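Notes for the one structure printed next.
Counting convention: from 1, in listed order, for ligands and their atoms alike. If you're wondering where the values come from, they're calculated on a predicted model, not measured in any experiment.
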Amino acid sequence: MIAKPTPLLQVEKLRVEFHGSAGRTVRAVRDVDLEIFEGETLGLVGESGCGKSTLGRAMLRVTEPASGSITYLGLDITRLRGTVFRRTRADLQMVFQDPFGSLNPRRTIADIVAEPMLRARGLSRAAARAAVDDLLDQVGLGREAGSRRPHEFSGGQRQRIGIARALAPSPRFVVADEPVSALDVSIQAQVINLLTDLIRDRGLTMLFISHDLGVVKHIADRIAVMYLGEIIEIASRDDFFAGPAHPYGEALLSSVPSLGSARERIELAGELPDPASPPPGCTFHTRCRYAIDRCRVEAPVLREVAPGRQVRCHLPLLTIAAAPSAPAPVGPVTKGTTA
Ligand code: SF4
């Protein structure tokens with residue numbers, strides 16, 4: 001029997017809550033279990049508002065989780081404090097959608113990139129200067145960029161600065177949160193190609209968050225789909241794009257006909273429900289064209305339906321496709337929000 005590889009990062013029962021006025025609590029991330037293996041890029045997809053950015057931030061404790069554990073190299077980082085936390089956290093970095101907001105306009109690019117190096121790696125100023133030059137070359141800005149300030153750069157160049165800053169402490173794991181969605185399409189491909197090269201050359205492990213399936217197909221090894229704060233499907237990239245096992249993934253993929261195996265465009269009924277009061281049973285039942293009575297009262301669990309493939313659905317589409325008397329869609333297929 002082949003031993004299961006040990007994940008680099010393992011998330012168990014992770015929960016993030018936001019408390020609003022009048023006692024309103026939004027459970028943005030609901031008991032998520034996720035494993036990320038060394039050297040892989042896991043693409044996290046879903047509509048905006050589904051909790052994927054919150055999950056990515058919670059995994060690095062940029063947002064504090066309410067409960068659950070995040071195990072990195074045998075340490076539960078939710079329990080770490082002080083110096084041990086800061087040292088461990090240097091291994092885990094984030095690339096933001098818009099780095100400009102966090103780039104100090106008065107500092108040079110060299111200072112911005114050197115700061116996390118000095119803090120995390122204990123380099124001398126001279127060694128840090130040489131390492132900054134190398135890093136600016138690697139991200140395609142060139143070492144001359146070091147003496148300039150953030151406002152002198154375009155959006156794509158600023159994202160390269162954000163990537164250089166994230167890589168400065170030599171992390172093993174990076175969360176990239178919609179890193180190209182604010183960029184022109186022509187620039188997106190350049191930044192994706194840069195990230196692909198850096199992942200390969202540095203052996204990085206990455207959580208790549210995006211609502212754009214085309215981008216994710218390009219960069220991810222595996223796909224995790226989120227809906228209303230829960231992971232509802234995990235599959236290899238090839239399996240997912242050959243045909244999602246969850247009806248929500250099927251609808252998402254059908255909205256981009258150039259990408260997948262979709263035979264028809266599936267219009268999702270209605271809007272994303274209010275995350276403060278998710279529907280009972282399967283949270284997707286209000287929009288699912290396959291929903292049956294059981295779906296309205298019994299919440300499905302995330303379970304393995306094929307090797308390496310997990311789905312949270314009573315009627316995963318693999319089963320539907322294989323069954324001799326496959327049930328026809330029974331839910332309303334009304335015009336509404338497109339995935
Ligand atoms: Fe649809 Fe039911 Fe599966 Fe939920 S459990 S996705 S409602 S078929």
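- Checked against Ile234 for a side-chain contact (heavy atoms from CB on, under 4.5 Å), the options Ile223, Leu302, Asp239 give a single hit: Leu302.
- Within a 6.0 Å sphere centred on CZ of Arg106, heavy atoms belonging to other residues, nucleotides or ligands number 12 at most.
- Around atom 4 (Fe) of ligand 1, the protein contributes the following N, O or S atoms at distances under 2.8 Å: Cys282 SG.
- Counting only residues at least two apart or in different chains, side chain to side chain donor-acceptor pair (under 3.5 Å) contacts with residues 80-95 comprise Tyr72-Asp91.
- Ionic pairing of Arg237 and Asp221 is not present here: no N-O contact between side-chain nitrogen and carboxylate oxygen is shorter than 4.0 angstrom.
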Tell me, with the steps shown, if Tyr227 and His246 meet ring pair (Phe, Tyr, Trp, His ring centres under 6.0 Å).
-> CA-CA 11 Å; Tyr227 186 79; His246 193 284; 7.6 Å; no
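- The pair Arg312-Glu304 does not meet the salt-bridge criterion, since no charged nitrogen lies less than 4.0 angstrom from a carboxylate oxygen.
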